[in-house]
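The block underneath contains the structure these notes are about, expressed in structure tokens.
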Amino acid sequence: MASTTKSMERHQSIDAQLRLLAPGKVSEDDKLVEYDALLVDRFLDILQDLHGPDLREFVQECYELSAEYEGKRDASKLDELGARLTSLNPADAIVVASSFSHMLNLANLAEEVQIAHRRRNKLKRGDFADEASATTESDIEETLKRLVSELGKTREEVFDALKNQTVDLVLTAHPTQSIRRSLLQKHARIRNCLTQLYAKDITADDKQELDEALQREIQAAFRTDEIRRTQPTPQDEMRAGMSYFHETIWKGVPKFLRRVDTALKNIGINERLPYNAPLIQFSSWMGGDRDGNPRVTPEVTRDVCLLARMMAANLYFSQIEDLMFEFLEPLEVCYRSLCDCGDKTIADGSLLDFLRQVSTFGLSLVKLDIRQESDRHTDALDAITTHLGIGSYRDWPEEKRQEWLLSELRGKRPLLGSDLAQSEEVADVLGTFRVLAELPADSFGAYIISMATAPSDVLAVELLQRECQVRHPLRVVPLFEKLADLEAAPAAVARLFSVDWYMDRIGGKQEVMIGYSDSGRLSAAWQLYKAQEEMVQVAKRYGVKLTMFHGRGGTVGRGGGPTHLAILSQPPDTINGSLRVTVQGEVIEHSFGEEHLCFRTLQRFTAATLEHGMHPPVSPKPEWRGLMDEMAVVATQAYRSIVFKEPRFVEYFRSATPETEYGRMNIGSRPSKRKPSGGIESLRAIPWIFAWTQTRFHLPVWLGFGAAFKHVMNKDIRNVQMLREMYNEWPFFRVTLDLLEMVFAKGDPGIAGLYDQLLVADDLKPFGDKLRNNYLDTRQLLLQVAGHKDILEGDPYLKQRLRLRDPYITTLNVCQAYTLKRIRDPSFQVTAQPPLSKEFADENQPAGLVKLNPASEYAPGLEDTLILTMKGIAAGMQNTG
């Protein structure tokens, strides 16, 4: 191989390639290219030190081929890149895949530092109106001032709304965070070094020391095994989730609430937010979500509750010496005493912060939600009615179920005897309720019923709580997520509210969870919008305050997107000062991984919720509704005609994506399917979305949109103008299309075509061609509706960020596609070249950290290479599940 010197003469450096991909002057506010180039340059030096110049040169050549493909969309570059990658011996392949995964993580860190830098500069200038940041940020002070000065609200109205508002952020164990916790901690140190390196008052000595520290941390991260070798337990997931409380949330909440106090003072409110105002609350599903996860047993639930209480005690113990009294009351006495003595200034110091922490976190740190599938409760009640000799509960119609459940709820006879015959599944259900009875009531939040369809699903849980002697019953929350269930949800809620016993039980408050359905993004978004509107109207009719619990994922296909836009695009009157939202997978790290991220997350949710309640978005015009109804029907039919009715689809999906290999990543404790033997309908939403994200095709997000657009445009040319009016004037529609546009910016049908070329049977390839043509048609129709000439023309900064990431992702895509080919087709012949890395070429060198997994059923190196590409692509896409 040519020497490094000749190579550098022949090829431009990655630094130069980055600047070609993102041309233009780097302003004070726009240092992304500079940050990225610095981190990558440091990494390449480390790579050369560890593995030699030949491997560094190979990595640069791969990057350059990917950059050429990205620039010209020349598919021959993908073939050339594939030939280069398949020539690697197994150990070198692992290092190259790890290098590109690592560089993508560094690119993400550069973005985070750049975002924080731009935001600091804007705050210094008081400038949030110079770009689209006004629509994606939610500064609490700006929101309060706008409500008073522009929207005519009185200061007292704003203060009253704010102190009665609640946002409950629910951390879940959904397995989309592909990066190990040990790596995330190293990434945080890299981010801190980079931030300090670009501080204005840095000295030459400081710069040298920070540069050395940066190099150390990058090397430490690269030498850390990225792959989880064993599947995490639910307790592991809980510990990982709770670490965010220890690291950022515990201190972040009082800091944020002080900023709220300052913002109130600056609009003329000379009163602090009450220390017990429920502004921010936290809950968790980790160790409580048993929906489809047999590893979440009653014992696991008990473990995680006690562990959370122990963590809370440790956090409190670090601030006070004695935890033996009734906890909150003495603190309130101290506070009132100081105020009465004229020392309110002292009271409003660390004591106020501590009161707010106690009010927010209690003794349990977070309240654990329990989630279980409705059928599991049916099984338990069926066992009881069969044992009592009164028939099979499972076979009863809904009316008979309700009648029996209410008669038992109104009566006092016990139903559970020691002689009740129980299957393992029934014992697990009843055991969970007994844990609820055993542990302190403040350990728990809501009991969520997935696959809920009828009032009996809710009443069943109420009866099981009573039978298992839960003294303080959990509030019961039905979850509606399939399209048919969402359509029927308002009627089901109305029937529930018509039950006198239940109305007495809930005391005028009800929570309903909604998920993202099985019929494509357009249909799901519209049906969720309508279902919320209708359920709120039902609740008003019965005098019930309804709290919507949004089951959002990280991807657009599962409700993801900027928090501010997501909240402000909800229907009027559906938030009303009370909101619950899941925060799952990699979104937890993006939201709470650093102090400034935690602060920004709390601010976004608080400000947007306040603004939605006090200044609701516009309601759609009747003609907009009519057009959306028509489009949703067409989109649903188009989506289902392919996903559920096309006989070749399942085979194509499993061939063209790494879905069958997903489980090897060990990124969660839960199985990827509800039923191991089931087909596409049993696949969980996360691996379904994850698999399409890996190939950059994103089918679940865009499929159906094109057919809907085409239908209404062909029907009446005037509909084009109406669609543009909807886009410009209706927040819900604009957000829906803007998020779709972002997905198209991340997508690449050429990359998806490579997977088809290598992995799909010849008789299925025309089907893949058809889907990619559909993709291209849909993208063009979207641009026409939005009035854009090019994707992301309205957000050049995001466009630049994505362009910088693309060449790294492309190399990993090609590596993944060819690795899958080698795994699935043993006859595929490759000729490996001699080792490039000095670590493997020199017998005198000590063994490094690259180990070929001897337990894998694949050929040497293939499993680790595949997993590394999956992790790297997930890092590049940023939202994966």
Side-chain angles (χ1 to χ4, degrees), residues 290-292 371-417 420-423 425-426 428-430 432-433 447-468 473-506 510-515 517-519 527 531 534-535 538-539 541-542 544 674-675 678 681-682:
R290 56 229 324 117
D291 179 14
R371 186 168 73 135
Q372 181 61 280
E373 198 171 351
S374 59
D375 273 356
R376 298 294 297 277
H377 307 131
T378 299
D379 291 341
L381 290 172
D382 190 71
I384 291 171
T385 60
T386 302
H387 178 72
L388 294 175
I390 58 175
S392 170
Y393 178 87
R394 176 175 292 283
D395 294 338
W396 291 348
E398 172 64 17
E399 291 72 18
K400 185 171 181 179
R401 288 185 181 187
Q402 284 189 46
E403 180 184 351
W404 179 75
L405 289 166
L406 286 169
S407 70
E408 295 299 333
L409 284 164
R410 289 175 177 134
K412 294 183 178 180
R413 71 162 174 164
L415 298 174
L416 294 176
L420 175 67
Q422 301 177 35
S423 66
E425 290 78 11
V426 169
D428 184 83
V429 170
L430 297 178
T432 299
F433 283 105
Y447 194 109
I448 296 150
I449 311 166
S450 60
M451 301 297 174
T453 58
S456 64
D457 292 326
V458 174
L459 297 174
V461 173
E462 295 285 7
L463 182 59
L464 289 169
Q465 289 196 87
R466 193 200 72 178
E467 286 304 307
C468 293
L474 280 62
R475 65 185 188 276
V476 183
V477 178
L479 163 56
F480 303 104
E481 48 191 335
K482 290 193 172 184
L483 194 65
D485 296 342
L486 284 168
E487 289 172 345
V493 169
R495 289 168 68 192
L496 191 59
F497 291 164
S498 67
V499 176
D500 293 342
W501 181 92
Y502 188 72
M503 289 295 283
D504 292 339
R505 157 81 173 94
I506 63 175
Q510 176 67 50
E511 185 178 316
V512 172
M513 186 172 182
I514 50 175
S517 80
D518 52 354
S519 302
Q527 190 55 54
E534 293 170 26
M535 282 192 283
V538 168
R541 215 162 55 233
Y542 284 90
V544 174
R674 292 180 185 271
K675 297 177 182 176
E681 74 286 345
S682 71

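The chain is numbered in sequence order, starting from 1.
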[X] side chain near [Y] side chain, heavy-atom distance below 4.5 Å:
X    : Y    : answer
V476 : I449 : yes
Q372 : S450 : no
I390 : W396 : yes
E462 : R505 : yes
I506 : R475 : no
E398 : P455 : yes
M451 : K482 : yes
S456 : L405 : yes

Give the minimum heavy-atom separation between [X] and [Y], together with the two atoms involved.
X    : Y    : result
L381 : A460 : CD1-CB, 3.4 Å
A489 : M535 : CB-SD, 4.0 Å
L464 : I384 : CD2-CD1, 4.4 Å
V493 : V538 : CG1-CG1, 4.1 Å
S374 : A452 : OG-N, 4.4 Å
R394 : D382 : N-OD1, 2.9 Å

Distance from [X] atom [atom1] to [Y] atom [atom2], nearest 0.5 Å?
X    : Y    : atom1 : atom2 : value
E481 : Q527 : CD    : CD    : 14.0 Å
L409 : W501 : CG    : CH2   : 4.5 Å
F480 : D485 : CZ    : CG    : 7.5 Å
E467 : L463 : CD    : CG    : 5.0 Å

Worksheet item: When you look at D379 and S423, which way does the side chain to side chain contact (heavy atoms under 4.5 Å, CB included) test go after all the steps?
Response: CA-CA 9 Å; D379 291 341; S423 66; over 6 Å; no
Worksheet item: Of all residues at least two apart in sequence or in a different chain, which pass the side chain to side chain donor-acceptor pair (under 3.5 Å) check with E534?
Response: none
Item to complete: Assert yes or no for the condition that the ring centre distance of Y542 to Y502 is strictly below 6.0 Å.
Response: no
Worksheet item: Between H377 and Y393, does the ring centre distance come in under 6.0 Å?
Response: no
Discussion item. For E425, I'd like to know if atom CD has over 12 heavy atoms of other residues, nucleotides or ligands within 6.0 Å.
Written reply: yes
Discussion item. Show, in sequence, the C-alpha distance, side-chain angles and deciding distance for F497 and R541, and conclude whether the side chain to side chain contact (heavy atoms under 4.5 Å, CB included) test is met.
Written reply: CA-CA 10 Å; F497 291 164; R541 215 162 55 233; over 6 Å; no
Response to the item:
Contacts of R413 meeting side chain to side chain contact (heavy atoms under 4.5 Å, CB included) (sequence neighbours excluded), chain-then-number -> L388, W404, E408, L415
Worksheet entry | D457 (side chain) donor-acceptor with A454 (main chain) under 3.5 angstrom | yes
Worksheet item: Where do L479 and D291 land on the side chain to side chain contact (heavy atoms under 4.5 Å, CB included) test, with the steps shown first?
Response: CA-CA 12 Å; L479 163 56; D291 179 14; 5.5 Å; no
Worksheet entry | Pair D428-R376, side chain to side chain contact (heavy atoms under 4.5 Å, CB included): steps then yes or no | CA-CA 9 Å; D428 184 83; R376 298 294 297 277; 3.8 Å; yes
